[in-house]
There are 2 protein chains.
Amino acid sequence: MKQIAQETGVSVSTVSLVLNGRDEGRVKPGIASQVRDTARKLGYTPNPLARSLRTSKTKILGFLSEEIATTPFAGRIILGAHDAASALGYMMLTVNTDRESDESEEISALKRYGVDGFLYAKMFNRVITVPKSFGGYPVVLVDATDSKGAVPGITPDEFRIGYDAARHLIDAGCSQIAYVGSDSPIVAQEGRRKGYRKALADAGIPYNPGLDIGVGNNRPALDAVSSLFDRAHPDGFFCFNDARAWYVYECAARRGLAVGRDISVVGVDNHRVFAETFAPDLTTIELPHYEMGYWAAYKLISLIEGRDPEPDLPETTAGIPSLDSPLPVRIHCMLIEKNSVA
Amino acid sequence: MKQIAQETGVSVSTVSLVLNGRDEGRVKPGIASQVRDTARKLGYTPNPLARSLRTSKTKILGFLSEEIATTPFAGRIILGAHDAASALGYMMLTVNTDRESDESEEISALKRYGVDGFLYAKMFNRVITVPKSFGGYPVVLVDATDSKGAVPGITPDEFRIGYDAARHLIDAGCSQIAYVGSDSPIVAQEGRRKGYRKALADAGIPYNPGLDIGVGNNRPALDAVSSLFDRAHPDGFFCFNDARAWYVYECAARRGLAVGRDISVVGVDNHRVFAETFAPDLTTIELPHYEMGYWAAYKLISLIEGRDPEPDLPETTAGIPSLDSPLPVRIHCMLIEKNSVA
DNA sequence: ATGAAAGCGCTAACAA
DNA sequence: TTGTTAGCGCTTTCAT
């Protein structure tokens with residue numbers, strides 16, 4: 001900057017003004033463009049560190065998540081958040097809080113590095129109490145809801161996932177529609193079940209508890225699904241996730257039933273590759289992790305800057321609500337059509 | 001710091017010296033501990049920004065990877081790198097270079113933010129030319145090898161993966177051992193095949209080209225594996241990855257063959273959950289992404305600091321070679337025993 | 001409309 | 001052994 005000032009024959013303050021776009025009635029347009037020119041000529045790039053030291057704003061977001069390594073979600077959330085951040089001139093300092101690592105430790109480390117705010121991501125939708133270590137910093141939750149309702153966050157619309165899935169099966173002509181859910185009463189499980197039941201009700205299909213099962217994993221789950229097949233002969237399945245869908249897929253195969261012909265299956269796909277590689281005949285719903293990450297970073301930045309920045313949202317986020325939405329926000333999941341359903 | 005200085009009745013330079021552990025024969029021990037005390041009392045935390053401005057060292061690593069969202073590997077690499085960085089007092093600025101995003105653009109952004117060096121991760125093992133945009137910064141590659149041999153990097157020991165897998169099947173008593181490989185001639189594919197062939201040779205088992213197939217994905221792959229079953233009746237399978245393993249699994253199931261009883265299967269597991277959920281009877285080899293990330297960050301920091309820092313490596317990295325290894329480094333994959341093999 | 005100058009919190013010569 | 005001082009590169013009053 002000093003060099004630019006000299007070269008142009010003005011003072012550093014003028015340069016600063018111009019380069020920050022705060023000329024406009026304060027610096028003569030001629031001078032301004034002259035400054036901009038020499039800046040370009042000299043290949044000037046601002047030093048964010050120095051700027052931060054002065055302004056105590058770093059344009060760095062702290063991203064705090066658990067189990068970044070053990071779930072395939074983290075990457076998509078991070079990517080979305082990163083894209084939004086990047087579009088608004090921010091960077092992300094990513095930290096994970098697996099195992100014993102002390103969360104508040106990590107938080108204060110991020111604070112020391114001067115992050116302007118925090119993204120706090122959980123790896124499955126649940127209600128949490130936001131760590132007090134965040135102090136007064138802006139925080140936005142991802143895939144989590146603040147139990148106190150004070151911190152903004154974004155979660156998938158679990159109800160609508162269930163509703164749309166069941167609706168999809170109904171539209172495909174299924175009449176015996178099973179829900180192969182989880183045996184944990186987590187938010188996603190309960191929300192999706194409610195949606196499933198509502199869709200049935202709206203279609204005038206009586207709810208049959210025998211078709212609504214919650215299963216765990218591995219052998220027991222496979223056994224439970226097996227018995228569901230033999231007991232109730234469902235012609236449509238809504239599966240909590242891809243693992244559950246796989247049990248259905250496997251049981252069907254063993255009975256010579258073809259997905260898409262004899263039975264219809266809609267499942268939530270946790271692993272992306274799943275539907276493509278392991279069960280290509282399934283209709284899958286993808287959780288909007290990218291979109292949640294995007295929205296959250298976007299929201300966080302608007303909080304930080306005390307105003308709504310207005311860059312374009314990428315195509316994929318068409319369903320994302322405005323930043324003014326009440327908290328927490330839910331976003332809808334898109335149905336991805338894989339193959340025709342029976 | 002100023003406050004500490006006043007409180008203790010010394011100058012800021014003394015405080016700086018003490019707080020950076022550079023007293024020792026330069027500051028009277030009494031004063032030193034006094035300074036430390038008041039620092040603690042005042043709850044002092046250093047401002048890395050200010051320090052960086054002065055030293056032009058940020059203790060921030062730039063992590064550059066592709067497809068962070070589309071592969072399950074990225075998370076594990078990032079986690080490993082983050083753990084190492086964290087253990088050495090570093091943070092990581094993560095950036096992904098998917099799609100159109102201009103790599104050199106991202107690199108210079110990271111430079112502006114003052115990163116001390118770069119981790120450059122690829123999502124599958126290959127030979128690359130390192131972007132010149134890195135300039136003179138320290139760079140360490142992950143899952144990639146510099147074609148010029150100038151930049152250090154770490155990759156899985158593909159040969160040994162193949163060798164150990166085949167060896168495992170041999171030890172289990174298999175005699176007709178197939179390799180269900182990839183149809184792309186990527187590093188992993190060729191390395192693993194070589195290892196497979198060497199293990200056979202070492203065991204005096206003649207190589208049968210009919211048992212060594214490269215397949216793509218989906219239906220064609222399934223068909224190819226089917227024909228392998230019917231043509232050669234292998235009793236052991238080494239699979240390039242979990243997708244390939246799944247084709248074997250599926251074909252076996254359709255023929256009433258049980259994995260672990262009628263045939264033995266060893267596969268490289270790309271997705272972690274795969275072996276547990278979709279094919280729980282498989283023996284899997286896990287790629288050491290965590291370890292690669294860890295090693296790479298560790299190495300990068302040693303490069304940055306011009307010396308070998310010496311914290312403890314975590315348990316899981318027992319197999320990681322010393323930092324003095326020639327470049328590029330390869331690391332071995334652990335065999336994870338899942339179930340007994342036929 | 002522009003410039004001078006102070007200072008963000010810290011480090012590192014150099015003096016004392 | 002300790003203190004003084006000069007910045008690192010930038011922003012921001014406050015004069016002019």
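Chain A is the first sequence line, chain B the second, and so forth, proteins listed ahead of strands; every chain is numbered from 1.
- Nucleic acid contact class of G30(B) (heavy atoms, under 4.0 Å, all strands): none.
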TODO: Please test T38(A) against T8(A) for side-chain hydrogen bond (donor to acceptor under 3.5 Å, both in side chains), starting from the C-alpha separation and ending with a verdict.
DONE: CA-CA 7 Å; T38(A) 36; T8(A) 325; 2.9 Å; yes
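- Atoms OH (Y113(A)) and P (dC10(C)) sit 14 Å apart, rounded to a whole Å.
- Residue contacts for R26(B): at a heavy-atom cut-off of 4.0 Å it reaches a base atom on one of the strands shown.
- When rounded to the nearest whole Å, the span between CD1 of I4(A) and P of dT11(D) equals 11 Å.
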Open item on the list: Apply side-chain contact (heavy atoms from CB on, under 4.5 Å) to residues L93(A) and L61(A) and explain how you reach the verdict.
Closed with: CA-CA 6 Å; L93(A) 225 28; L61(A) 268 28; over 6 Å; no
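- Under the 4.0 Å criterion applied to side-chain N and carboxylate O atoms, R36(A) and D23(A) are assigned as salt-bridge partners.
- Here the P atom of nucleotide dT12(D) and the CE atom of M1(A) are 11 Å apart, to the nearest Å.
- With hydrogens and angles left out, the side-chain atoms of D116(A) and Y137(A) include no donor and acceptor closer than 3.5 Å.
- What separates CZ of R54(B) from C1' of dC8(D) is a distance of 6 Å, to the nearest Å.
- No engagement by G114(B) is indicated, since no non-hydrogen atom pair under 4.0 Å with the nucleic acid exists.
- Per the geometry, CG belonging to L53(A) stands 12 Å off P belonging to dG9(D), to the nearest Å.
- Nucleic acid contact class of L49(A) (heavy atoms, under 4.0 Å, all strands): none.
- Remark: R51(A) is in phosphate contact with dT11(D), judged by side-chain N or O atoms under 4.0 Å from OP1 or OP2.
- The stretch residues 10-23 of chain B touches DNA chain D through V10(B), S11(B), S13(B), T14(B), each having a heavy atom under 4.0 angstrom from the strand.
- Atoms CD (Q6(A)) and C1' (dA4(C)) sit 15 Å apart, rounded to a whole Å.
- Closest to the side chain of T55(B), from the set dC8(C), dT11(D), dA12(C), is dA12(C).
- Among I31(B), L17(B), I4(B), the single residue meeting the side-chain contact (heavy atoms from CB on, under 4.5 Å) criterion with V10(B) is I31(B).
- By the 4.0 Å N-to-carboxylate-O rule, E291(B) lies too far from R76(B) to be salt-bridged with it.
- For an aromatic pair to be called close, the ring centres must be under 6.0 Å apart, and F63(B) with Y120(B) fails this.
- Taking atom NZ of residue K57(B) and atom C1' of nucleotide dT11(C), one finds them 15 Å apart after rounding to whole Å.
- The interatomic distance linking K2(B) (NZ) with dG3(D) (P) rounds to 16 Å, in whole Å.
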